[in-house]
Amino acid sequence: MSSSHPTIVIIGGVAGGASAAARARRHSEQSHIILIERGPDVSFANCGLPYHIGGEIADRADLAVQTPDSLRQLLNLDVRTLTEAISIDPRARTIRTRRLDTQAEELVSYDKLILSPGAKPLTPPLLGIDDSRVMTLRNLQDTDRIKKAASAAKDILVIGGGFIGLEMAEQLAHLGKSITLIERNPQVLPQLDPAMARPLQQALLDRGVSLIFQDGIAAFEANESRITAVLSSGRKLDADLVILSIGVQPESAVAQTAGLTLGPRGHIVVNAWQQTSEPDIYAVGDVCETADPILNTRVAIALGGPANRQGRTAADHIFLGDKALPYPGSIGTAIVRVFDVSAGITGWSEKRLRQVGQTYQTVTVNAASHASYYPGSETVTLKLLWNPQNGRILGAQAVGKDGIDKRLDVIATAIRGNLTIDDLVHLELAYAPPFGSAKDVINIAGFAASNIRDGLLSPVASLEEAGAQIIDVRPTATASKRPVPGAKNIPLAQLRQRLAEIDPSQPVFVICQMGRTSYFAARILANHGFNAHSILGGAHHQL
């Protein structure tokens with residue numbers, strides 16, 4: 001085959017592999033493109049699987065983005081399902097495959113090879129984990145098994161409170177099941193900083209989901225009708241069904257046997273065009289690690305969006321060489337909905353920044369999702385992190401009932417554009433009362449961040465960090481309904497007249513409902529000679 005029409009073999013479909021195949025066909029009608037997939041489905045909406053289990057996506061067929069037949073017809077692909085790659089010989093440019101139904105083996109030659117096998121659910125070698133009532137979710141067949149088992153189950157354990165675990169807990173609760181969610185960390189969604197995850201936890205509790213934190217799974221014990229989960233603490237829980245969702249690991253075994261360079265957690269190392277240590281072999285999707293453009297490190301992001309774009313990059317490079325646009329890296333923008341609360345993250349969290357020793361500053365602000373006087377507005381809590389040396393945005397988290405995706409998308413775009421906190425101040429965002437506010441929560445985060453830099457705001461992250469002298473500047477009626485422990489209530493409108501009630505020899509920590517009024521109060525106090533600090537996020541975030 002000529003270099004302009006190479007034979008391309010793609011191992012694995014779904015997001016990365018299917019995107020690479022489609023893009024490659026756009027470049028060349030003459031290339032022989034072989035798509036090898038171990039399962040029966042080559043292109044399905046894996047992110048939608050929990051929602052079919054819960055019934056929000058009623059028709060299973062809606063999850064099948066493309067079938068083997070449709071890919072053959074639309075893209076003229078040589079689709080080989082129920083076939084696994086068992087070894088790769090980079091020198092001979094061959095792949096040994098095996099049919100899962102007949103066990104027949106075949107040697108397949110390639111000019112270019114794209115690896116897109118994805119990642120598989122973690123299943124630690126625990127006693128009893130092979131019980132048929134312990135299930136993981138990866139593909140349509142898993143979906144069918146869980147849906148069938150859940151229909152007859154009453155008590156269900158969800159092990160793991162990450163994105164998939166939360167989606168499964170929500171959807172199974174929709175079916176009227178009794179759900180217990182177990183997470184070894186002290187919070188759900190460990191990707192978020194603790195305070196930002198609290199509204200998700202409350203949403204789960206409000207819908208009857210039981211939460212167990214700081215405990216893991218040690219073993220499973222089976223009997224005729226039920227299965228018992230033995231936790232690390234020794235506690236035992238009986239259930240009819242267990243959903244194991246404790247993370248994923250890359251399917252990189254065949255890459256390792258081929259001698260490709262792997263990262264510390266087993267992901268295939270690739271360059272900016274998704275090339276592995278063997279230039280004619282590419283890797284895309286959950287199996288690979290790529291650049292983190294924020295701190296110039298390496299990162300592995302198991303999300304469909306990056307996988308799609310990486311597949312496109314690999315196909316472009318096969319035909320265009322270094323003229324192709326390189327993949328710029330992944331910043332990890334993700335969101336989850338738990339009943340009526342949504343939360344998400346883009347870029348780095350405070351926990352991760354501390355782990356790598358990166359200096360940062362942070363502020364948490366609250367504002368209405370759209371004009372507060374227009375019906376239906378909800379509170380958006382936004383946490384912003386930035387580099388104090390240059391003001392560049394490092395990450396953000398948001399939580400609330402409305403407009404969370406919009407704010408995360410704006411910040412993700414700002415990170416890509418290397419914007420700073422000053423740029424957020426002047427972002428011109430769509431505004432009409434049903435959609436936003438004249439000063440969006442993103443602008444407000446920029447205001448607060450620049451105030452911290454300029455010394456106009458001296459923030460305290462939590463009530464635990466505050467000293468003994470806390471002043472609650474909310475209206476008396478509001479403060480009495482949800483009092484702040486140890487605080488003295490002096491409404492903002494009365495503050496100037498009641499300065500004598502505050503000890504000027506001690507620091508003053510000011511709190512309000514949302515965090516905005518406390519800033520105004522802190523500025524009044526500072527101008528009167530007090531050492532005043534505003535408590536970030538207000539009572540809405542702290543209590």
Side-chain angles (χ1 to χ4, degrees), residues 15 19 47 163 191-193 196 272 290-297 299-313 316 325-337 342-350 352-353 358 360-370 378 380-400 402-432 434-450 453:
S19 293
C47 294
F163 287 98
Q191 293 89 342
L192 266 60
D193 294 320
M196 300 299 289
T290 62
D292 162 41
I294 302 175
L295 295 184
N296 196 28
T297 59
V299 65
I301 302 292
L303 292 170
N308 273 292
R309 297 189 298 275
Q310 290 164 10
R312 178 186 179 94
T313 297
D316 282 349
L325 288 175
Y327 182 72
S330 301
I331 64 174
T333 305
I335 190 170
V336 68
R337 185 202 68 192
S342 299
I345 184 170
T346 184
W348 286 69
S349 68
E350 189 170 359
R352 289 180 63 210
L353 289 170
Q358 170 66 39
Y360 67 92
Q361 285 186 301
T362 179
V363 71
T364 301
V365 298
N366 297 283
S369 57
H370 59 250
E378 298 284 354
V380 174
T381 300
L382 178 65
K383 180 173 184 175
L384 182 69
L385 302 106
W386 71 94
N387 186 332
Q389 296 176 337
N390 55 21
R392 185 184 174 194
I393 301 162
L394 299 174
Q397 298 162 50
V399 62
D402 179 53
I404 302 306
D405 55 341
K406 170 182 175 179
R407 274 68 187 200
L408 286 173
D409 288 344
V410 171
I411 298 293
T413 304
I415 291 173
R416 279 291 185 196
N418 293 323
L419 300 192
T420 68
I421 56 174
D422 291 323
D423 294 315
L424 296 189
V425 168
H426 294 292
L427 279 186
E428 203 168 325
L429 304 173
Y431 163 58
F435 304 104
S437 300
K439 290 185 288 189
D440 190 83
V441 67
I442 290 174
N443 301 125
I444 293 170
F447 298 159
S450 60
R453 181 201 57 208

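Computed over heavy atoms, backbone and side chain alike; hydrogens, waters and symmetry mates excluded.
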What distance separates [X] [atom1] from [Y] [atom2], expressed to the nearest 0.5 Å?
X	Y	atom1	atom2	answer
Ser437	Asn443	OG	CG	9.5 Å
Leu384	Ile442	CG	CD1	9.5 Å
Thr362	Leu394	OG1	CG	10.0 Å
Tyr360	Arg352	OH	CZ	13.0 Å
Ile421	Gln361	CD1	CD	7.5 Å
Glu378	Ile404	CD	CD1	9.5 Å

Verify side-chain contact (heavy atoms from CB on, under 4.5 Å) between Leu353 and Leu385, making sure each step is shown before the conclusion. CA-CA 9 Å; Leu353 289 170; Leu385 302 106; 3.8 Å; yes
For the CG atom on Asn296, are there more than 12 heavy atoms of other groups (residues, nucleotides or ligands in this structure) within a distance under 6.0 Å? no
Taking atom NZ of Lys439 as the centre, report whether more than 12 heavy atoms of other residues, nucleotides or ligands fall under 6.0 Å from it. no
Side-chain touch [X]/[Y], heavy atoms, less than 4.5 angstrom:
X	Y	value
Leu427	Val410	yes
Arg392	Asn418	yes
Gln358	Asn387	yes
His370	Phe435	no
Val363	Lys383	no
Trp348	Ile294	yes
Ser349	Gln191	no
Gln310	Ser19	no

Can you list the residues that meet the side-chain contact (heavy atoms from CB on, under 4.5 Å) rule with Thr420, with sequence neighbours excluded? Asp422, Asp423
Going by the rule side-chain contact (heavy atoms from CB on, under 4.5 Å), which residues pair with Ala272 if we only count those two or more places apart in sequence or in a different chain? Pro326
Might you point out which heavy atoms bring [X] and [Y] nearest each other, and give the distance in Å?
X	Y	value
Thr333	Ala412	OG1-CB, 3.6 Å
Pro293	Ile331	CG-CG2, 3.6 Å
Asp402	Arg407	O-NH1, 4.4 Å
Ala396	Ile411	CB-CG2, 3.5 Å
Ala414	Ile393	CB-CD1, 3.9 Å
Tyr327	Pro306	OH-CB, 3.4 Å

Could you go step by step and tell me if Ile415 and Thr346 meet the side-chain contact (heavy atoms from CB on, under 4.5 Å) rule? CA-CA 9 Å; Ile415 291 173; Thr346 184; 4.1 Å; yes
Side-chain donor or acceptor of Arg312 paired with backbone N/O of Asn308 under 3.5 Å: no
Asp292 side chain to Leu295 backbone, donor-acceptor under 3.5 Å: yes
Working for side-chain contact (heavy atoms from CB on, under 4.5 Å), residues Val365 and Val441: CA-CA 7 Å; Val365 298; Val441 67; 3.8 Å; yes
